[in-house]
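Inspection log for the structure reproduced underneath, given as structure tokens.
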Amino acid sequence: MSAVVLVGAQWGDEGKGKITDFLAREANCVARYQGGSNAGHTVEVGNDKFMLHLIPSGILYPDTLCIVGNGVVVDMQKLNEEIAGLQKRGIDCNNLRISLRSPVVMPYHKKIDELEDRHTKIGTTKRGIGPAYADKTNRIGFRIGDILGGHDCFKERFKAQVEYKNLIIKEIYQEEGFNYQELLDQVMEQAESLRKYVADTSYLLYSAIKAGQKVLFEGAQGTLLDIDHGTYPYVTSSHPIAGGACVGTGIGPTFIDRVIGIAKAYTTRVGEGPFPTELHGAEGEYLRQKGAEFGTTTGRPRRCGWLDAVILRYAVRINGLTDLAITKLDVLDEFASLKICTAYRYKGELLYEFPDNLSILEECEPEYIEIPGWQKDISGVTSLEELPVQARDYIAKIEELAGVKQAVVAVGPNRKQTIVSHNMFD
Ligand code: IMP
């Protein structure tokens, strides 16, 4: 096996950064395939904490090729800042490659995202993600390669686009627009400092796979934030699902060997939208505090609730999951009893499949099973056998309800607090 996709099985924030970082130790190549600086990964190494937004977690390993694929929308200013921040801490980033085809998040995208969200109330991260993907699909976006080419036709298209965006910003929102020349100089300079990293990343990945190297596709966000298969319209504008790895890097599906779904031992979501197992009282607040459930990118408090197996089964189906990685199990240490949602009750009927209609989901009540808690500190446990029997039962129940076995269980934020059942590149 050589090519593994890691995807979020819930609404994002499942602890993907930690698992990616763990696997990146073995991988020859790590690739991001969608999203942008709306993602936030915290990787802890010893006492050091690294916050990554656009750069794949593998960057901490100098021999691991790290790829920002064509499916990622790149905020060049943020990317340059992230590179500079890492370099200051001794990580040279010479192993970073960015697709020539990556669309750029322009300052006007961020402005419009903020202005529009006041009306649409999706609760976006205000990082310009939606407007940048919309322009890409509308064929009025700009790729890094276009800017680096610096041709007159790019400048003409860009000028027209700045004028058009200024019309929207000034006429609809009565706010100040952008100066074309200043913006052009700014994006040309930002692109120039990224030039040394820009490459044909699809070919690099293809070559790595053909050479039998271990390649990791690192998803951001999660299954339920997918633009097509998530809880639309409360979703992001890209494809966090496993299928997105192919489109977002230029690699065919037959090259993928394994798909690992990362699921938190409970559920969280940020932003608006239905969330059947959400806990509004003290238990939800406890999960938020103990699990440090505050957005890496925006600092927003995350909504918290019990584990939802209906969602996990859906993630298994949509992504073709072969394994689960269960994270943050230690956050549940103190509960005397735990709940898992096994089905939804909708107008007196039991639903076992995740509804494809948001108005149905909004009216669903969770049906729970209750499982005894372990009430022990498991943060120092290094093998499944050492876990209290109740914790093993909780894991076994998740596996049974999801229909997929776990390959990894995380019991704390540090790299060492990761129990691996089998090698994922095998
Ligand atoms: P956008 O991706 O900024 O357009 O935001 C759209 C929705 O996706 C909002 O509900 C965000 O809170 C959510 N979202 C975007 N990125 C993440 C993430 O990394 N984790 C969790 N939610 C996210």
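In each ligand, atom 1 is the first atom listed, and ligand 1 is the first ligand listed. Keep in mind that the numbers below use all heavy atoms, side chains included, and drop hydrogens, waters and symmetry copies.
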TODO: Over 60° means perpendicular and under 30° means parallel, so classify the ring planes of Y314 and F354, tilted if in between.
DONE: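 Aromatic pair F354/Y314 classed tilted.
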
Open item on the list: Please verify the inter-ring angle class for F158 with Y180; under 30° counts as parallel, over 60° as perpendicular, anything in between as tilted.
Closed with: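 Tilted: the ring planes of F158 and Y180 meet at 30° to 60°.
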
Any idea which protein heavy atom is nearest [atom], and the distance to it?
| atom | answer |
| --- | --- |
| atom 12 (O) of ligand 1 | R300 NH2, 2.8 Å |
| atom 22 (N) of ligand 1 | V270 CG2, 3.2 Å |
| atom 2 (O) of ligand 1 | T236 OG1, 2.6 Å |

Task: Between Q161 and K165, a side-chain donor and acceptor under 3.5 Å - done: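 Looking only at side-chain atoms, K165 and Q161 do form a donor-acceptor pair, the distance falling under 3.5 Å.
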
What do you reckon, does [X] put a non-hydrogen atom under 4.0 Å from ligand 1?
| X | value |
| --- | --- |
| Q221 | yes |
| S237 | no |
| D113 | no |
| G123 | yes |
| R269 | no |
| W11 | yes |

Task: Cation-pi geometry met for R25 and F22 (6.0 Å, 45°) - done: yes

Ignoring hydrogens and angles, tell me if any N or O in the side chain of [X] forms a donor-acceptor pair with the backbone of [Y] under 3.5 Å.
| X | Y | result |
| --- | --- | --- |
| D135 | V105 | no |
| K170 | I168 | no |
| N166 | F178 | yes |

